[in-house]
Engineer: 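Dumping the structure here so I can ask a few things about it.
Every value quoted in this text rests on a predicted model; they were computed, and no experiment measured them. A, B, ... follow the sequence lines: proteins, then strands. Residue 1 opens every chain.
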Amino acid sequence: MADDEAERFTEQVLSLVESIPSGRVMSYGAIAAAIGHGGPRQVARVMARDGGAVPWWRVVHADGSPYAPETAVEAYARERTPLRGADRIVVDMPHAAWIPPRTTPGNG
DNA sequence: GCAATGACTGGTA
DNA sequence: TTACCAGCCATTG
């Protein structure tokens, strides 16, 4: 693959994650789908590289479980992110799942 | 080119 | 609800 494309993909992921509003989250697969390139494994790879420079806690698995629950749970409490329970560090995807404006496949 | 790995995802038990 | 397996895609050695 071309390094330029890899860099573009990285910026796409980071830019999209930074675009996620407070109290909302996106799954790895949703991010990959929104960008229209790669897959959840590729998004995760980008997060592992430069995820520390973006609100990574807004990026969760398809089931709503975050990468670092112990750290993310604090961020969710600050952003009022809807969880599946007070004792359950799992985001309520049906309510917290955020879809980026434009870049939505199927419309347009 | 092949094998192993990874911040994943969906299905079944 | 939890645990295990198979599928997917790109990077790495």
Engineer: My understanding is that only residues two or more places apart in sequence, or in another chain, count here; which of them pass side-chain contact (heavy atoms from CB on, under 4.5 Å) with A48(A)?
Structural biologist: none

Engineer: Among all residues two or more places apart in sequence or in another chain, which pass the side-chain contact (heavy atoms from CB on, under 4.5 Å) test with S27(A)?
Structural biologist: A30(A), M93(A)

Engineer: Can you name the residues that form a side-chain contact (heavy atoms from CB on, under 4.5 Å) with Y67(A), not counting sequence neighbours?
Structural biologist: Y28(A), W56(A)

Engineer: What pair of heavy atoms forms the shortest contact from A96(A) to P82(A), and how long is it?
Structural biologist: CB-CG, 3.6 Å

Engineer: My understanding is that only residues two or more places apart in sequence, or in another chain, count here; which of them pass side-chain contact (heavy atoms from CB on, under 4.5 Å) with D50(A)?
Structural biologist: T10(A), L14(A)

Engineer: Can you list the residues that meet the ring pair (Phe, Tyr, Trp, His ring centres under 6.0 Å) rule with F9(A), with sequence neighbours excluded?
Structural biologist: H37(A)

Engineer: Which residue pairs pass the salt bridge (charged side-chain N to carboxylate O under 4.0 Å, His left out) test when at least one of the two sits in residues 34-48 of chain A, sequence neighbours left out?
Structural biologist: none

Engineer: Other than V90(A), what residues sit in its cluster of Ile, Leu, Val, Met, Phe, Trp and Tyr side chains whose heavy atoms are under 4.5 Å apart, directly or through others?
Structural biologist: none

Engineer: Going 5' to 3' along DNA chain B, which nucleotides are the first and last within contact of chain A (any atom under 4.0 Å from a heavy atom)?
Structural biologist: dG6(B) to dG10(B)

Engineer: Could you list all the salt bridge (charged side-chain N to carboxylate O under 4.0 Å, His left out) pairs where at least one residue sits in residues 51-77 of chain A, not counting sequence neighbours?
Structural biologist: R58(A)-E79(A)

Engineer: By a strict heavy-atom criterion of less than 4.0 Å, which residues belonging to residues 61-94 of chain A are in contact with DNA chain B?
Structural biologist: H61(A), A62(A), Y67(A)

Engineer: Please list, in numerical order, the residues of residues 41-60 of chain A that have a heavy atom closer than 4.0 Å to any atom of DNA chain C.
Structural biologist: R41(A), Q42(A), R45(A)

Engineer: Going by salt bridge (charged side-chain N to carboxylate O under 4.0 Å, His left out), name the pairs with one or both residues in residues 82-91 of chain A, residues two or more places apart or in two chains.
Structural biologist: none

